[in-house]
Amino acid sequence: MTRYRFLAAGAVRAMLLAGGVVGAVLPVAAVAQHAMSMPGMTMPDAAPKKTVKKAKSRPVAKAPAARASQSGGAVDHSTMDHSAMGHPAPVTPSTSVAPSATPDAMPGTDHAQMDHSAMPGMAMDHGAMDHSTMDQGAMGHAMIVDPAYRAASDAAVAKMPTGSAMAGMAMGTSAGFYSQGSGTSRLPAAEGPMRGYMTQAGEWMLMAHGYAWGVATDQGGPRGKSEAFVQSMAMLMADRDLGDRWHIQLRAMNSLEPLMGARGYTNLFATGELANDRPLVDRQHPHDLFMELAAKIDYRLGNGNTLFLYGGPVGEPALGPSAFMHRGSARYQPMSPITHHWFDSTHITYGVVTAGYATPKFQLEASAFKGREPDEHRWGIETPRLDSWSVRGTWTPSPFWAVQVSHGRLKEPEAQHPGEDENRTTASVQYARGGLATTFAYSLKDRVPGEKLSAFLAEANYELTPRHAVFGRLENVANDELFPDHDDPLHDRKFRVTKAEVGYAYRLPIVGPLGLAIGGTVAAYAKPAALEAAYGKTPVSWTLFSKLAVGL
């Protein structure tokens, strides 16, 4: 009973500390997300200006695809002067899009003859406009214009907590054909837009995302431990165009997890990296203060095709699927995967340069980066070095699928395996639809010299309603680091372990994009009989969590 009273007290402290951490880790105040101002226009739910300048008449020929007005008249947005509203001039769409009804509160007004550049205070129902006639690629953000991709994205938004994301918005040059993952990775467009707070600042489109987890866990068996801890992350992105062809995106991502100490938190069967010169076993290391400091430059070739260059002192190379904290299938998982060092360990790399060619449905890229994983001194930036390489191909054939295959050669990635390089090969399939996000992945670590160690991952998150979500993760991994003591008879032996975890989250919107998720998980394990003396016969773990997030 003393153990559980201590755990309960620790859980309370963790929840309170999570609230305090949010003020430090979230880069912007969480306010109404859609109150976004653009030059010369006001979004529908922003306060409209009271003064409207008189419209000037211009003789402009009507385009054939006119929209219906509230009064039944025609509203032809293709003839608007969008240049004064921060939009480029309309262009002819490559495919025809069926018009939808757009109400008009001014009966009998022919908007095709009006110069909207003279009305900077006009309130515009942006969601009801036919954006297929706009060159959204020339904006500091993109809007999803393809009906199939927009419908798939909107189906995900309908299952999100209120304010989590802006419907129809896509960061960078993706134009909604996929959703951005970590680094330069892609996620299915049907996962919905990136979640967080978005606002316009002059020519820049800014987006902020962040969270603070309060977690209490009891990891089962003799090697398990009861513990309460806080995880955190804050991310800021800034997008803008540099002329008609060039686009830049700046990124910064930070964490206060070094506060939990070099040994991180307990996580049964997780291994990798050193702390206090000792290998971490049954523990997950904390993230570094600097998780990403990078930039991405795109050069538009036309027809949605681009060349890009990504890099910085801290970033992520083109290797593996999107890191676990950035993919929808792991959105409410409070623990990192025990397969983290097979799939995600390169998501914080001190020194990375990636070059690639991208189309809406395919991306091919190559990276040079530092192979050694971050050391236990988590507060500083390590000296960047480019001593490793990787290549990755990603296929996004529809709004619902993202498929990647990648391979890399890492120079001495683990400090506890000096002199051993690693060939790492990964493949993953991600599927999303209507609030469901899944990831299925395989990875093979081939140490040179050393063992070949494979891992499998299946992960899913289903947002049943804007309030309720259920999720699960199944992992199977071959690990030879469970007994680091050289005198142990099981030292360097390879054991295949399976972990199955299920959980539930209840989401509570607070204000704008700020929300709270509370829930818990239960995990069970399958392992060889040789591990029973160390781990017990049937260890079971559980967690309770609260996640306070901008973009829940």
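Positions are given from 1, in the same order as the sequence printed here.
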How close do [X] and [Y] get, heavy atom to heavy atom, and via which atoms?
X: Asp344; Y: Arg327; value: OD1-NH1, 3.4 Å
X: Val391; Y: Ala366; value: CG1-CB, 3.9 Å
X: Arg186; Y: Thr396; value: NH1-OG1, 3.1 Å
X: Ile144; Y: Gly176; value: CG1-CA, 3.5 Å
X: Ser164; Y: Leu552; value: OG-O, 3.2 Å
X: Thr383; Y: Lys370; value: O-NZ, 3.1 Å

[Y] versus [X], side-chain donor and acceptor atoms under 3.5 Å:
X: Thr543; Y: Thr217; result: no
X: Arg378; Y: Ser255; result: no
X: Thr266; Y: Glu227; result: no
X: Gln333; Y: Arg331; result: no
X: Asn479; Y: Thr271; result: yes

Is a side-chain N or O of [X] found less than 3.5 angstrom from the main chain of [Y], in a donor-acceptor match?
X: Thr439; Y: Ser329; answer: no
X: Gln231; Y: Trp213; answer: no
X: Asp421; Y: Val448; answer: no
X: Ser367; Y: Phe369; answer: no
X: Asp387; Y: Gly371; answer: yes
X: Ser443; Y: Phe343; answer: no
X: Lys499; Y: Leu474; answer: no
X: Gln363; Y: Glu365; answer: no
X: Glu376; Y: Asn276; answer: yes
X: Asn254; Y: Ala234; answer: no

*In sequence, state the C-alpha distance, the side-chain angles, and the governing distance for Leu293 and Ile381, and then conclude on side chain to side chain contact (heavy atoms under 4.5 Å, CB included).*
CA-CA 10 Å; Leu293 290 173; Ile381 297 178; 3.7 Å; yes
*Could you tell me whether Asp154 and Arg150 make a salt bridge, using a distance below 4.0 angstrom between a side-chain N and a carboxylate O?*
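Yes.
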*Does Arg372 pair with Glu422 as a salt bridge, N-O distance under 4.0 Å?*
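So Arg372 does not pair with Glu422 through a salt bridge.
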Can you tell me how far [atom2] of [Y] sits from [atom1] of [X], rounded to the nearest 0.5 angstrom?
X: Asp244; Y: Trp246; atom1: CG; atom2: CH2; value: 13.0 Å
X: Tyr506; Y: Ser546; atom1: OH; atom2: OG; value: 15.0 Å
X: Met171; Y: Met205; atom1: CE; atom2: CE; value: 7.0 Å
X: Met335; Y: Arg473; atom1: CE; atom2: CZ; value: 10.5 Å
X: Thr199; Y: Met166; atom1: OG1; atom2: CE; value: 9.0 Å
X: Arg433; Y: Thr438; atom1: CZ; atom2: OG1; value: 11.5 Å

*His326 and His209 aromatic centres sub-6.0 Å*: no
_Proximity of Trp395 and Phe362 rings by center, below 6.0 Å_ = no
Solution key, residues 305-321 side-chain donor-acceptor pairs under 3.5 Å, sequence neighbours excluded:
| from | atom 1 | to | atom 2 | distance (Å) |
| --- | --- | --- | --- | --- |
| Tyr310 | OH | Glu292 | OE2 | 2.6 |
| Tyr310 | OH | Glu316 | N | 3.2 |
| Glu316 | OE1 | Ser182 | OG | 2.8 |
| Glu316 | OE2 | Ser182 | OG | 3.1 |

*asked:* Glu257 vs Leu259, test: side chain to side chain contact (heavy atoms under 4.5 Å, CB included). Steps then yes/no.
replied: CA-CA 5 Å; Glu257 290 184 16; Leu259 289 172; over 6 Å; no
*Evaluate the side-chain hydrogen bond (donor to acceptor under 3.5 Å, both in side chains) criterion for residues Thr173 and His247: first the C-alpha distance (whole Å), next the side-chain angles of each, then the deciding distance (0.1 Å), finally the verdict.*
CA-CA 8 Å; Thr173 57; His247 181 89; over 6 Å; no
Flag side-chain contact, heavy atom, 4.5 Å: [X] against [Y]:
X: Leu453; Y: Leu444; answer: no
X: Glu373; Y: His285; answer: no
X: Pro188; Y: Phe400; answer: no
X: Thr426; Y: Gln404; answer: yes
X: Met160; Y: Arg507; answer: no
X: Met253; Y: Met233; answer: yes
X: Asn423; Y: Arg447; answer: no
X: Glu203; Y: Asp241; answer: no

*What orientation do His287 and His340 show, parallel under 30°, tilted 30 to 60°, or perpendicular over 60°?*
perpendicular
*asked:* Students often mix this up, so state it plainly: with edges at 30° and 60°, are the rings of Phe545 and Phe471 parallel, tilted or perpendicular?
replied: tilted
*Apply side chain to side chain contact (heavy atoms under 4.5 Å, CB included) to Glu475 and Glu459, showing your working.*
CA-CA 8 Å; Glu475 302 174 83; Glu459 201 174 62; over 6 Å; no
_Does Trp389 have more than 12 heavy atoms from other residues, nucleotides or ligands lying within 6.0 Å of its CH2?_
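For Trp389, atom CH2 is crowded (more than 12 foreign heavy atoms under 6.0 Å).
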*In chain order, what residues pass the side-chain contact (heavy atoms from CB on, under 4.5 Å) check against Ile248, with sequence neighbours excluded?*
Trp204, Arg240, Leu242, Leu250, Ile297
*Evaluate side chain to side chain contact (heavy atoms under 4.5 Å, CB included) for Val477 paired with Phe456, printing each intermediate quantity in order.*
CA-CA 6 Å; Val477 59; Phe456 301 87; over 6 Å; no
